[in-house]
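Here the structure comes first, spelled out in C-alpha cells, and everything after it is commentary.
Order of appearance sets the numbers: ligands from 1, and atoms from 1 within every ligand.
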Amino acid sequence: MNYYSNIYKPTAKNLNKSVKLLKEGQLIGIPTETVYGLGSIANSDKAVKKIYKLKKRPSRNPIIVHFKDLKSIQSETMTNKYLKKLYKKFSPGPITYVLKLKKNSKISKLLLNKNKHIACRVPKNKIFLKILKKLNKPIAAPSANISNRVSPTTAFHVHDEFKNKINVIIDGGSSNVGIESTVIDLTKKPKLLREGFITQKKISNLLQIKVKKSNIINTSPGQSLLHYSPGIPVYLNRKIPKKNGALLVFGKSQIKSNDLFYLSRKRSLTEASKKLYQLLRKIKKNGYKNISVTPIPNKDIGVAINDRLKRSAK
Ligand code: TXA
Ligand code: MG
C-alpha cells in the first residue's frame, strides 16, 4: 500500500510534532475509536475557522470538543447531575455530552450550538489521549471528511478526503467502533441527539428515566442534513444487487455473485459497525454505480447502523 507523505506513525516524535502544529493553529488528522477527526486547538477562533472552511461545513453546524478527562470538561462547563453518572459508565468512549458552558470559558464560541451549548467527549483512543495530555488543552474535532460524506475510519480515508491540504495525519489503524459517537443533550432532561454505539436503552437503564430521541434538529443540525453519502445511490432492504451495483450483505447471502461485500457473515452488529464506512468507500472506489444493502436487525447498535444507512440512502 502507498504510504503518503503526510501520514505519520504515532511515534513520540510525531505526536510532539502534532502538538506543535496544533499550538500553531494548524489542523491535523487524528484517530479515534469511532472515526478519524479533523482536529484543531479549541480556544482559537482562527484555527476553528480553518475546520469549517476545509470541511465545507455550514457555520451553523456545531463541532464536538474533545477533553482529556472529566475534570477538564467540568472546568469549562456548568455542574450537571447526569454527567458524572454517564461518564463513570461510558467514558472515555464513544459518547458525547451537550452541556452548558461556563461564562469565563476560553473555548471558541464558533464551536457552540445556537443555544451556546458545547458538545464534549473524552475519546478512548490512546493516541488521541496522548495528544490531549501533551497539548493540555481541549481539541475541536468533527469527523475528518468533507461535509455530508462518509466518515473516515483509517488514515488513508482522511488522505482521500483532504489530500495534502493538511500537513499531518496520524495513523492509528482502523477505528474500532467505526461509526460516530452517541450524542446526548444534558442541558435539560436528557435527550438523544444522535444514535451510536452507546444505545438509547443502555443510557435509559443507567439513568432510570426514559431518554427520548430528540426531534429538535435545530440544536444538532448535523442530524438534519443529507449525510453519510458515499457519492453513489444507496438502496436499503434488498436481497440482490442492482445493475452495475454491489450488494452489502449482513449475514449469509442468498445469492451467488462477485459483487457481494460482507458486513458480517456471523451476524455480529459490532463487526458490521466497524466495517460499514470502510465498505461503502471500497465499493465506490471499485467503480460500482450503486449500493444495495440487505436488511440489518434494528436492535442494539443496529439502530445506529440503520440510522446512518437511512441518511446515506436519502
Ligand atoms: O465520534 C465522533 O463523535 C466523531 C469523533 C471525531 O469524535 N466526531 C464527529 O463529529 O462525528 P461531527 O462533527 O462529524 O458530528 C458531530 C455531531 C453533528 O451532528 C453536530 O450537529 C452535533 O454532533 N453537535 C456538535 N456540537 C453540538 C452541540 N453543541 N449541540 C448539539 N449538537 C452538536
Ligand atoms: Mg461528521
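Both the backbone and the side chain of Ser143 come within 4.0 Å of ligand 1, counting heavy atoms alone. At a heavy-atom distance under 4.0 Å, only side-chain atoms of Arg57, from C-beta outward, approach ligand 1. Contact annotation: for Asn113 versus ligand 1, heavy atoms closer than 4.0 Å belong to both the backbone and the side chain. Heavy atoms from both the backbone and the side chain of Glu180 come within less than 4.0 Å of ligand 1.
The ligand atoms of ligand 1 that sit less than 4.0 angstrom from a heavy atom of Val98 are 30 (N), 31 (C). Applying the 4.0 Å criterion to heavy atoms of Ser181 picks out, from ligand 1, the atoms 1 (O), 2 (C), 3 (O). Interface of Gly37 with ligand 1, defined as ligand atoms under 4.0 Å from a residue heavy atom, comprises 6 (C). Ligand-side atoms of ligand 1 in range of His66: 5 (C), 7 (O), range being under 4.0 angstrom from any heavy atom. The contact set between ligand 1 and Ala141, taken as ligand atoms under 4.0 Å from a residue heavy atom, comprises 6 (C), 8 (N). Atoms of ligand 1 lying under 4.0 Å from at least one heavy atom of Leu193, given by number and element, are 31 (C), 32 (N). The atoms of ligand 1 that sit less than 4.0 Å from any heavy atom of Thr34 are 1 (O), 2 (C), 4 (C), 5 (C).
Ser147 places a side-chain N or O within 3.5 Å of a backbone atom of Lys56 that can act as its donor or acceptor partner.
With contacts defined as side-chain heavy-atom distances shorter than 4.5 Å, the pair Leu54/Phe162 qualifies. Annotation: side chain of Arg57 is not in contact with side chain of Ile51 (no heavy-atom distance under 4.5 Å).
Ion pairing between Lys49 and Asp45 fails under the 4.0 Å rule for side-chain N and carboxylate O. Between Lys285 and Asp160 a salt bridge is recorded (basic side-chain N to carboxylate O distance below 4.0 Å). In this structure, Glu161 pairs ionically with Arg281, as a charged nitrogen and a carboxylate oxygen lie closer than 4.0 Å.
Neighbours of the Mg ion (ligand 2) restricted to protein N, O or S atoms under 2.8 Å: the count is 1.
Residue Glu271 forms a side-chain hydrogen bond (donor to acceptor under 3.5 Å, both in side chains) with just one option from Lys274, Arg267, Lys275, and that option is Lys275.
The hydrophobic cluster containing Leu260, built from Ile/Leu/Val/Met/Phe/Trp/Tyr side-chain heavy atoms closer than 4.5 Å, also comprises Ile240, Leu247, Val249, Ile255, Tyr262.
Compare Glu33, His117, Arg121 by their heavy atoms: the one nearest to atom 29 (N) of ligand 1 is in His117. Selection from Ile118, Ile179, Asn61 by nearest heavy atom to atom 20 (C) of ligand 1 gives Asn61. The nearest non-hydrogen atom to atom 27 (C) of ligand 1, considering only Pro62, Cys120, Pro58, comes from Pro62.
Under 3.5 Å, the side chains of Asn167 and Asn6 contain no donor-acceptor pair of N or O atoms. Residues Glu33 and Ser175 bring no donor and acceptor atom of their side chains to less than 3.5 Å of each other.
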Self-check item: Residues Glu180, Ser151; criterion side-chain hydrogen bond (donor to acceptor under 3.5 Å, both in side chains); working and verdict
Solution: CA-CA 8 Å; Glu180 305 82 354; Ser151 295; 2.5 Å; yes
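Scanning both residues, Lys106 and Glu76, for their nearest heavy atoms gives N-OE1, 3.8 Å. Minimum heavy-atom separation, Ile28 to Ser18: CD1-CB, 3.4 Å.
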